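Proteins come first, then strands; the chains are lettered A, B, ... in the order of their sequence lines, and each starts at number 1. The analysis underlying the following values was restricted to heavy atoms, covering all of them including side chains, and did not include hydrogens, waters or symmetry mates. None of these values were measured; they are calculated from a predicted model.
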Protein chains: 2
Amino acid sequence: MIILSRLADYGVIVATHLAGIPDRQVNAAAVAAATRLPPATVAKVLKRLAHGGIVTGARGATGGYRLARAPEEISIAEVVAAIDGEIGVTQCASHVEGCDRTNFCPTRPHWAHINRAVSQALGAVTLAEMVGPDFLRPRPSSQVHASP
Amino acid sequence: MIILSRLADYGVIVATHLAGIPDRQVNAAAVAAATRLPPATVAKVLKRLAHGGIVTGARGATGGYRLARAPEEISIAEVVAAIDGEIGVTQCASHVEGCDRTNFCPTRPHWAHINRAVSQALGAVTLAEMVGPDFLRPRPSSQVHASP
DNA sequence: AGGAAAGCGTACCAACTTGGTCCGAATTTG
DNA sequence: CAAATTCGGACCAAGTTGGTACGCTTTCCT
Ligand code: SF4
Ligand code: SF4
C-alpha cells in the first residue's frame with residue numbers, strides 16, 4: 001500500500017525545491033519546469049501549500065510563491081498535512097468522528113501509539129534535511145535536535 | 001490523510017480477534033458477529049489474510065479460520081501487507097517501478113529513510129500486544145461478555 | 001452415499017477519493 | 001487607465017477502493 005498520495009509526494013518535492021531558494025519567489029510555471037512536473041498539477045500543489053501555510057503566494061505581475069517559514073522549521077508532516085489533511089493511521093487516530101465503532105473497538109488505543117510513531121517519523125525530517133545534504137546520511141549521532 | 005485503508009483496519013481487528021482464540025477455528029460469520037462488522041466484508045478480509053499466510057482456512061462443514069502462527073510472531077505490518085500489499089510511503093520506496101522520475105528526484109533517498117521508520121513503527125507491534133496485555137483499559141462501562 | 005455447511009475464488013457494481021483541467025478575481029507594471 | 005501576469009477557487013473525468021453477490025469445491029454428519 002502507498003502511504004501518502006501522489007499529490008503529497010509532489011508537494012514535498014516542490015517544497016524542497018522552494019527550500020533551496022529561500023529569498024526568491026518564483027511562479028508555478030518555473031517550479032514546474034525545474035522539477036519536471038506537470039504545470040497544472042504543481043500549480044494545484046502550490047495552491048494547497050499556500051492554503052496550509054507552508055508557502056505564501058504573491059499575486060500580480062511579478063508574483064510567485066515563497067516559503068512562509070525557514071526550511072528547518074517545516075517538517076515533512078506539515079507539508080503532507082497541508083495537502084492530504086491530518087495524518088492518521090485510522091479515522092479514530094485523528095478524529096473521533098468517522099467511525100462508529102470507537103466504543104467497542106479493542107484496537108483503538110493501540111493504534112494511537114502507532115499513529116504517534118508514524119507522525120514522529122514524518123515530523124522528524126525537515127525541508128532543510130532534504131535540500132541541504134544531497135545524500136541521505138543522518139549523522140551517526142543519535143540526537144539530531146540539539147544543534148550547537 | 002489516512003495511512004491505511006479501511007480493509008486493512010478491519011483486517012487488524014479480525015486478526016486481533018483471532019489472536020484471542022489461538023486453538024479455536026471459527027467461521028467468518030462468527031468473527032463478523034463478534035466484531036460487529038459486515039459479514040461479507042469480514043469474509044473478504046479473512047480471505048486475503050489467508051492468501052497472505054496470516055491465517056489458515058479449513059474447509060468443510062466444521063471448518064473455519066485459525067491463526068497460522070503465534071500471535072507474538074505476527075506483526076501489524078504483516079497483516080496490513082497481506083491486505084493492501086507492501087507498505088511504502090511512495091512508489092519508489094518499495095518498488096522502483098511505478099515512477100519515471102527516480103533518476104532525477106532529489107527526495108527519493110530521503111523517502112527511503114522515512115519509509116523504514118514507518119515500517120518499523122508498524123512492525124514493532126504484534127498481535128500479542130493487541131490482545132494480550134490490556135495495559136490501557138480505562139474501565140469501560142460496557143464490558144464485553146466474559147467467558148465464565 | 002447423499003445432503004448440508006463452510007471456505008474459496010471470481011466476478012460485479014457502486015461510491016468515493018484522487019488527479020487533472022479550466023476559467024474568473026486580484027494585483028502590478030507601464 | 002489598460003493590459004499582462006498570476007493566484008484563487010470551482011469544475012470535471014478517471015482510477016482505485018469498498019462492498020456485495022454468486023457459484024464452486026471441499027469436508028463432515030446422517
Ligand atoms: S475505532 Fe476501530 S474500526 Fe474505527 S477507525 Fe478506530 S481502529 Fe478502526
Ligand atoms: S522517485 Fe520521487 S516522485 Fe517518484 S515516487 Fe519516489 S519520491 Fe515520488
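Put simply, the side chain of B:R66 never gets that close to the backbone of B:Q25: no donor and acceptor are under 3.5 Å apart.
Contact check, A:Y10 against C:dG20: no side-chain N or O comes under 4.0 Å of OP1 or OP2. Proximity of A:S5 to the phosphate of C:dT17: no side-chain N or O atom is located under 4.0 Å from OP1 or OP2. When the side-chain nitrogen and oxygen atoms of A:R6 are compared with OP1 and OP2 of D:dG15, none of them lie within a distance under 4.0 Å. Between B:Y65 and C:dC8, a side-chain N or O to OP1/OP2 separation shorter than 4.0 Å is present.
Pairing each heavy atom of A:R36 with each of B:R101, the nearest pair is O-CD, 4.3 Å. In plain terms, the two heavy atoms of A:C92 and A:R108 that are nearest each other are SG-CG, 3.4 Å.
The residue A:A29 sits apart from the nucleic acid: no heavy atom pair falls under 4.0 Å. Using a 4.0 Å heavy-atom criterion, one finds that A:L7 contacts the sugar-phosphate atoms exclusively.
In this structure, A:R66 places its CZ atom 14 Å from P of D:dC7, rounding to the nearest Å. Computed from coordinates, the B:Q25 CD to C:dC8 P distance equals 12 Å when rounded to whole Å. Look at CG on A:D9: it is 12 Å from P on C:dG20, rounded to the nearest Å. A:I3 has its CD1 atom 16 Å from the C1' atom of D:dT16, to the nearest Å. One interatomic measurement links the two molecules: CD of B:Q91 to P of D:dG15, which rounds to 16 Å at whole-angstrom precision. With rounding to whole Å, B:L46 atom CG is found 8 Å from C:dC8 atom P. As a whole-Å value, the separation of B:L49 CG from C:dG7 P is 14 Å. Distance B:R59 CZ to D:dC29 P: 18 Å, rounded to the nearest Å.
Direction change of the helix axis from one end of the helix from C:dA1-D:dT30 to C:dG30-D:dC1 to the other is 10°, with five pairs defining each end axis (rounded to 10°).
Between A:S5 and A:D84, the side chains place a donor N or O and an acceptor N or O closer than 3.5 Å (distance only, hydrogens not considered).
Contact annotation: the side chain of B:V118 approaches that of A:L122 to within less than 4.5 Å [non-hydrogen atoms, C-beta and beyond]. Looking only at side-chain heavy atoms (C-beta outward), B:H51 and B:K47 stay at 4.5 Å or farther from each other. The shortest side-chain heavy-atom distance between B:I2 and A:V89 does not fall under the 4.5 Å cut-off. Using a 4.5 Å cut-off on side-chain heavy atoms (C-beta onward), A:T126 and A:I76 make no contact.
Under the 4.5 Å side-chain contact rule for hydrophobic residues, A:Y10 and B:W111 share a cluster.
Place A:A61 and A:R48 on DNA chain C by their nearest nucleotides, and A:R48 ends up nearer the 5' end.
The CG atom of B:N27 lies 10.5 Å from the OG1 atom of B:T62; values are rounded to the nearest 0.5 Å.
Scanning residues 33-45 of chain A for heavy-atom distances under 4.0 Å to DNA chain C yields A:A40, A:T41, A:K44.
For B:K47 and C:dG7, a side-chain-to-base donor-acceptor distance below 3.5 Å is absent, hydrogens and geometry of angles not being considered.
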